[in-house]
Number of protein chains: 2
Amino acid sequence: MVDAARPRSATIEDVAAAAGVSRAAVSKVLRNAYGVSDSMRNRVSAAMTELEYRPRVAARAMRGRTYTIGIEIPDFGNQFFTRVLAGTTAALSDTAYQVVIAPAEHGLREGLRAIEALVDRQVDGLIVVSPRLEQSALERIARTTPLVMIGRHSPSEMYDTVAGDDAHGVDAAMSHLVELGHRQIAHLTLHESDPHEDGPHSVRLARYLETMALHGQADDDLVWRSDEGQESACAAVERALQSGSRATALFAAHDELALGAQRAIAELGAELSVVGYDDVPIASHPALGLTTVHQPGDLMGARAVHLLMERFEGRTVAAHEVFKPELRVRTSTRPPSLDG
Amino acid sequence: MVDAARPRSATIEDVAAAAGVSRAAVSKVLRNAYGVSDSMRNRVSAAMTELEYRPRVAARAMRGRTYTIGIEIPDFGNQFFTRVLAGTTAALSDTAYQVVIAPAEHGLREGLRAIEALVDRQVDGLIVVSPRLEQSALERIARTTPLVMIGRHSPSEMYDTVAGDDAHGVDAAMSHLVELGHRQIAHLTLHESDPHEDGPHSVRLARYLETMALHGQADDDLVWRSDEGQESACAAVERALQSGSRATALFAAHDELALGAQRAIAELGAELSVVGYDDVPIASHPALGLTTVHQPGDLMGARAVHLLMERFEGRTVAAHEVFKPELRVRTSTRPPSLDG
DNA sequence: GTGAAAGCGCTAACAG
DNA sequence: CTGTTAGCGCTTTCAC
C-alpha cells in the first residue's frame, strides 16, 4: 500500500444512496424530525450503521447548531476549576451536547484568545472561568454567543453569572481564626487583586480588609502578594516569614496558595495556622489537613450548563446565581502558640 | 431594546465589499497566499480590523484544515495528564493551531466517545491519553485523522506513540526499596491491569512481578487492586493493612494511588514506605514527601504535537518515542522498621 | 494581480 | 410522507 491517502468517510449523500432515499430524508431521521415513516427510518438507520456514518459538525454548523458547549479554563493545576469542569460534563452526559475545553494558561490575553477560539468554532454556548477578563469584551462576545461567567460578582445584563458567596466564606474563615484566638491574621492573595474590583479574589481581599479594620488590625504588612501557583506562594510566604512577620495565622485566597504557604511553613519549621479557599480534593489529605472554605464547584458547573440550556430555550433576561460556601475545619488551624 | 436577536458577525463577503475587492482576494490575504499586491493587502487588512472579522472555522473545515488539535483526557484529577496537556499547549502557543480538549471521565466508553466527538469536529490531529482503548478502534480512527497515543507501549503501524520507559522506571523504584532493605514489597494497581497487556499500568505490573520473582518473593497477596482515584486507593490499602499484610513497602502504579495509600497509612498510623509513579507537582510537598518516578509529561506532550506536525507535513511511517523516567527520592521511603 | 464560479456536507423551506 | 432545491462561509482552480 503506497502512500495511503486518508479515506474520506461517508456523507449524508452516501447514506441516502445506500438506503435509496433522498438526502432530506436522511437528514430528517438524523434530527428526529416530523414526518418519516417507520420503514424509511429503519432503512436509513441500517444504512447509517452499515456505513459507519457520522454527521460532520462543520457542515451542520453552517446551518445551525454545533451541539457543543465551550468552556475556558485558566489553570488545570487548580483543582477547583477541574471540579467545575466535572460538574459541566456530568450535567451534559446524557444530552446531545459535547463539552470542549480551551486551555488558557498564562493570563488574561490567553483567556480571551481561548474564548475567541471557541467562538470561531461556533460553540452553542460558552462557560468562562477566568475572572479578570474585561467586562466589555465579555459583553461583546455574549451578543453573539450565550455566555455564563463563573466566579465574578458584578452582574451583567448581557450574560449570566454563577458565583460563590465570597463575603460569607471570608466571614466563616475569619471568625474561625478569631475564635481560635488569632488577631494578627495575614492574607495571601494575587498581585492583581484589588478591593475595588469584582473578581473572587478581589472580593475576598475587600472583605478581609473590612474584617481586620473592624478588629482594629488593618495593616498593609499583613497583605502578602504572590503570583498564581504553589511555588510563587511558597516564596512569598517565605519572604514574609523571614522578614519577621508577627502574623500567627494566614488566610489564603485559594487552596493552591494555601498549599504553597504550607510548603514554606514546613520548610522553615514555622508556626502559622493556615486557612484556604475552595476545598480542593487534596486539602483533606491527613498529612495536609488544610482547613478551608468549601465551594461546590461541581454544582456551580452544572448550574452553568442549565443556564445555557435555558438560553437555548429562549430566555433573554440575565440570571445570577449565588452558592453558599461552607467552612471545613481540619488540622492546619490551631490556637496561636503562647510563646508569641 | 426588545428581544435583541443575536447579531451575525461579519463574513468574508462583508470584508470584500468594505475593501472593494472580491471574496477570493480576501481569502488570499487571509491565508498569505501567493499573488496579492501590497496595496490590496493593506486595504483588506484594514477592512478586517474595522469589521472585527473572524473567519468561521466551520466554513474552512468544509474545504480544508480546521487548525485544531484535539486531545482526549481521561481524568483531570490526575495531574500527570494535565502536565502532558501543558506541554501540548506550550508547543502550540506560537502556531496557528488551537488545542481543544475533550474530557472522558468514567472509563473506556467515554474515551472513545470523546475521540469521536473530536473527529466529528474535524480536528486536524488527535492526541489520545486513555491507554486502554481498543487498538482496532484507534487504528480505524487513525485512518482518517493523524493520531498519537501517549503511554501505550505496543507500537502500531497506523499511529505514532509516545511512552515512558516503564520497565526502567519500575526497576529504579524497586531497586531503591530493595536497597533500603525491603523484601515484602506490595504493588497497588488498578483492577484492570493485566501483565499481558500494553498499557502503562499493565507493563508496570508485569515488571513488578518479574522483579519479585527474581527475589523469590512473588506472591498474589502483595498485588493490591483499586479503582481510579485516591478514595478507592485509600480503601484498598486500608483493607490490605487491616487484614494483616506483612508488606513493609508499597509501590503504587501512579501517584494518585500513592497519595490515596498515604491517606490510609496516616489514618491507621501504619509503617509503610511508599513509592509512586509520575511525580505530580503535589508529590514534592514537604508534608507528603512522596518518593516517586518522575516522568517528563510536558516533554511528552510537546513531542506528541511535533509528531502530529510531521504527519501534516507528509510523514507516513509510524514513529515511536520513548522517554526515560527518573527516580525522585523523598521522605516517604525509609528502611523497614526493625520491630517487623 | 485579480475575480468568477464551483462545491464542501448539511438543513430547512417548499412542492409534490 | 417524500424529494427538490437553495444556500450557509469559505477555499481553490481557472480565466481574465
Colleague: Taking only heavy atoms on the protein side, list every residue of residues 113-121 of chain A lying under 4.0 Å from any atom of DNA chain C, sorted numerically.
Modeller: none
Colleague: Does T68(A) reach the side chain of R121(B), with side-chain heavy atoms less than 4.5 Å apart?
Modeller: yes
Colleague: Take L308(B) and I127(B) through the side-chain contact (heavy atoms from CB on, under 4.5 Å) test and state the conclusion after the steps.
Modeller: CA-CA 8 Å; L308(B) 247 20; I127(B) 298 176; 3.6 Å; yes
Colleague: So if I take the C1' atoms of five pairs at each end of the helix from dG1(C)-dC16(D) to dG16(C)-dC1(D) and get each local axis, what angle do the two axes make, rounded to 10 degrees?
Modeller: 40°
Colleague: What pairs with F76(B) under ring-ring contact (aromatic ring centres under 6.0 Å, His included), at least two apart in sequence or on another chain?
Modeller: F76(A)
Colleague: Under a criterion of less than 4.0 angstrom to any heavy atom of chain B, what are the 5'-terminal and 3'-terminal contacting nucleotides of DNA chain D?
Modeller: dG9(D) to dT12(D)
Colleague: Would you say the side chains of S130(A) and E72(A) form a donor-acceptor pair under 3.5 Å?
Modeller: yes
Colleague: Less than 4.5 Å apart, side chain to side chain, heavy atoms only: is that true for Q135(B) and S154(B)?
Modeller: yes
Colleague: Under the rule for ring-ring contact (aromatic ring centres under 6.0 Å, His included), what residues qualify as partners of Y67(B), not counting sequence neighbours?
Modeller: Y97(B)
Colleague: Just to verify, what does R152(A) make a salt bridge (Lys or Arg N to Asp or Glu O under 4.0 Å) with, not counting sequence neighbours?
Modeller: D198(A)
Colleague: Which pairs with one or both residues in residues 33-43 of chain B pass salt bridge (charged side-chain N to carboxylate O under 4.0 Å, His left out), sequence neighbours excluded?
Modeller: none
Colleague: Which residue pairs pass the salt bridge (charged side-chain N to carboxylate O under 4.0 Å, His left out) test when at least one of the two sits in residues 81-99 of chain B, sequence neighbours left out?
Modeller: none
Colleague: Which nucleotides of nucleotides 9-16 of chain C have their base under 4.0 Å from a protein heavy atom (B), which only their sugar-phosphate (S), and which neither (-), written as one string 5' to 3'?
Modeller: BBBB----
Colleague: List the residues meeting side chain to side chain donor-acceptor pair (under 3.5 Å) with T88(B), not counting sequence neighbours, and say none if there are none.
Modeller: none
Colleague: Can you give each donor-acceptor pair under 3.5 Å made by side-chain atoms of residues 16-23 of chain B, sequence neighbours left out, with the distance rounded to 0.1 Å?
Modeller:
unit_1, atom_1, unit_2, atom_2, d
S22(B), OG, A24(B), N, 3.4
S22(B), OG, A25(B), N, 3.2

Colleague: Suppose the criterion is salt bridge (charged side-chain N to carboxylate O under 4.0 Å, His left out): which pairs have a residue in residues 53-66 of chain B, not counting sequence neighbours?
Modeller: E116(A)-R54(B), D120(A)-R54(B), R65(B)-D124(B)
